[in-house]
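Following: one structure in structure tokens, then a few remarks.
In what follows, chains are A, B, ... by sequence order, proteins preceding strands, each numbered from 1.
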Protein chains: 2
Amino acid sequence: MNPTYESLKQELLNQDIKLSHQRLKILEFMASNVIHPTVDQVYQALHHEIPTLSKTTVYNTLNLFVEVGLCITLATEENEIRYDIHTFPHGHFKCKKCNQVYNVDIDSHAFTSKDLAHFEIHHQEVFYKGICEKCLLIQKL
Amino acid sequence: MNPTYESLKQELLNQDIKLSHQRLKILEFMASNVIHPTVDQVYQALHHEIPTLSKTTVYNTLNLFVEVGLCITLATEENEIRYDIHTFPHGHFKCKKCNQVYNVDIDSHAFTSKDLAHFEIHHQEVFYKGICEKCLLIQKL
DNA sequence: TTTCTTGTTTGTAATCATTACAGTCAATAT
DNA sequence: ATATTGACTGTAATGATTACAAACAAGAAA
């Protein structure tokens, strides 16, 4: 379902993007941690392993991935941008308790609205907020 | 369809919120300009009429309206928060050319997902991006 | 009217995410 | 070995938002 690290690497090569150490590490993190991280989360996860890593590089790299279509951005209401390597159409659910962002399968046919009949739609996003199953169970204890 | 200024005023009274001059002006602006404005847009629109108006007051007031359920917030990808007095479930479309945000009627039943069967959903938002009809016509000229 | 109390507004300063920029570094080609 | 190109880094700048304390307004009590 998720794209593999190898296929993503190939995609970068196809687009003539150099596979630098930093880029590969960030790509690897995104591919194996589908948690819709913020730039800071990526930086925190990697700067022990790459002590010279700069947060600017994380910004540059993730924005590059967005440009070439490897990632999409996700604006939660908390004024922070999250990056998602999961690029096929799907929705998101953010838990108000634990702040985790879940992927949600959506029937994309449900997306059409007659209000948009003459509009050109490039991107669509469905976003839910509430309490996730895990946190609901904890509440009941 | 949209709530009226008068009904919104009544709603504030019901919730024991004082009807100060600033609050009423901001409320009036939100009710008559359903353009999903940013804080800055509200401030720019009103500070000529209320020269002492502070941007902090606009923030405080709009966040108060959100707390009591008169407004909702809308996170566009540009790292800015917009405020919408239109509280019943609906979607949004943001034009990449003119940056205008349109309301879109949505059949909300279409968006239930089996992935969320045991989740508690408080809020749902459907967001489209692309080019609006107006800008498409201009392009063709 | 005066005083008191409560809550609102204001302006400045602080915070936080993001971007700009210029210098440094690394890899590859010549 | 040198030159060129592009990537990386760190600092500074920006812009939205929040924190905070002082000033202010309105109504209640004296």
Side-chain angles (χ1 to χ4, degrees), chain A residues 9 12-29 36-68 70-84 94 99 101, chain B residues 9 12-29 36-68 70-84 94 99 101:
Chain A
K9 231 166 80 176
L12 287 180
L13 281 175
N14 292 347
Q15 303 218 23
D16 275 329
I17 291 165
K18 301 246 170 69
L19 303 185
S20 73
H21 183 225
Q22 287 87 339
R23 284 176 180 166
L24 287 178
K25 281 294 177 185
I26 292 171
L27 183 66
E28 187 189 17
F29 180 83
H36 316 83
T38 62
V39 162
D40 196 60
Q41 282 178 291
V42 176
Y43 175 76
Q44 294 304 332
L46 295 179
H47 84 286
H48 297 111
E49 196 178 346
I50 315 171
T52 66
L53 182 66
S54 154
K55 208 178 264 192
T56 302
T57 298
V58 181
Y59 274 104
N60 288 342
T61 304
L62 288 176
N63 287 336
L64 174 71
F65 290 173
V66 170
E67 267 174 50
V68 302
L70 258 56
C71 286
I72 58 172
T73 58
L74 181 58
T76 66
E77 307 276 321
E78 284 77 21
N79 212 37
E80 67 185 2
I81 294 179
R82 289 169 175 271
Y83 292 81
D84 186 358
K94 177 163 182 179
N99 284 326
V101 176
Chain B
K9 231 165 81 175
L12 286 180
L13 281 176
N14 293 347
Q15 302 216 22
D16 275 329
I17 291 164
K18 301 248 168 68
L19 304 185
S20 73
H21 183 225
Q22 287 87 340
R23 285 177 181 165
L24 286 178
K25 280 294 177 187
I26 292 171
L27 183 65
E28 187 188 17
F29 180 83
H36 317 82
T38 62
V39 161
D40 196 60
Q41 282 179 292
V42 176
Y43 176 76
Q44 294 303 332
L46 295 179
H47 85 287
H48 296 110
E49 196 179 345
I50 316 171
T52 66
L53 183 65
S54 154
K55 208 178 261 193
T56 303
T57 298
V58 181
Y59 275 104
N60 289 341
T61 303
L62 289 176
N63 287 336
L64 174 72
F65 289 173
V66 170
E67 268 174 49
V68 302
L70 257 57
C71 288
I72 58 172
T73 58
L74 181 58
T76 66
E77 308 276 321
E78 283 77 21
N79 212 35
E80 68 185 2
I81 294 180
R82 290 170 174 272
Y83 291 80
D84 184 0
K94 179 164 182 176
N99 284 326
V101 176

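- dG11(C) atom C1' lies 15 Å from atom OH of Tyr59(B), rounded to whole Å.
- Rounding to the nearest 0.5 Å gives a distance of 7.5 Å between NE2 of His36(B) and CD1 of Ile72(B).
- Taking atom CG of residue Asp16(B) and atom C1' of nucleotide dT6(C), one finds them 14 Å apart after rounding to whole Å.
- What separates OH of Tyr43(B) from C1' of dT10(C) is a distance of 10 Å, to the nearest Å.
- We find the CG-CD distance between Leu62(B) and Glu67(B) to be 12.0 Å, quoted to the nearest 0.5 Å.
- How far CD of Glu28(B) is from CD of Glu49(B): 7.5 Å, rounded to the nearest 0.5 Å.
- Between the C1' atom of dG6(D) and the NE2 atom of His21(A) lies a distance of 18 Å, rounded to the nearest Å.
- Checking dA20(C), dT18(C), dT9(C) against every side-chain atom of Thr56(A), the shortest atom distance belongs to dA20(C).
- We find that CG of Asp40(B) is positioned 14 Å from P of dT18(D), with the value rounded to whole Å.
- When distances are taken from the side chain of Gln22(A) to each of dC8(D), dT8(C), dT19(C), the shortest belongs to dC8(D).
- Residue contacts shown for Lys55(B) are absent, as no nucleic acid heavy atom lies under 4.0 Å away.
- Taking atom OH of Tyr83(B) as the reference point, atom C1' of dA16(D) lies 10 Å away to the nearest angstrom.
- In this structure, of dT18(D), dT9(C), dT18(C), it is dT9(C) that holds the atom nearest to the side chain of Asn60(B).
- Here the C1' atom of nucleotide dT6(C) and the NZ atom of Lys18(B) are 7 Å apart, to the nearest Å.
- Nucleic acid contact class of Ser20(B) (heavy atoms, under 4.0 Å, all strands): sugar-phosphate only.
- At a threshold of 4.0 angstrom between heavy atoms, the contacts of Thr38(A) with the nucleic acid are absent.
- The side chain of Ser54(A) has dT9(D) as its nearest neighbour among dT10(C), dA7(D), dT9(D).
- Set against dT8(C), dT19(C), dT17(D), the side chain of Arg23(B) has dT8(C) as its closest nucleotide.
- Among all heavy-atom pairs drawn from Leu53(B) and Tyr43(B), the shortest one is O-CE1, 3.4 Å.
- For the pair Ile17(A) CD1 and dT28(C) P, the computed distance is 17 Å after rounding to whole Å.
- To the nearest 0.5 Å, atoms CD (Glu80(A)) and OG1 (Thr73(A)) are separated by 12.5 Å.
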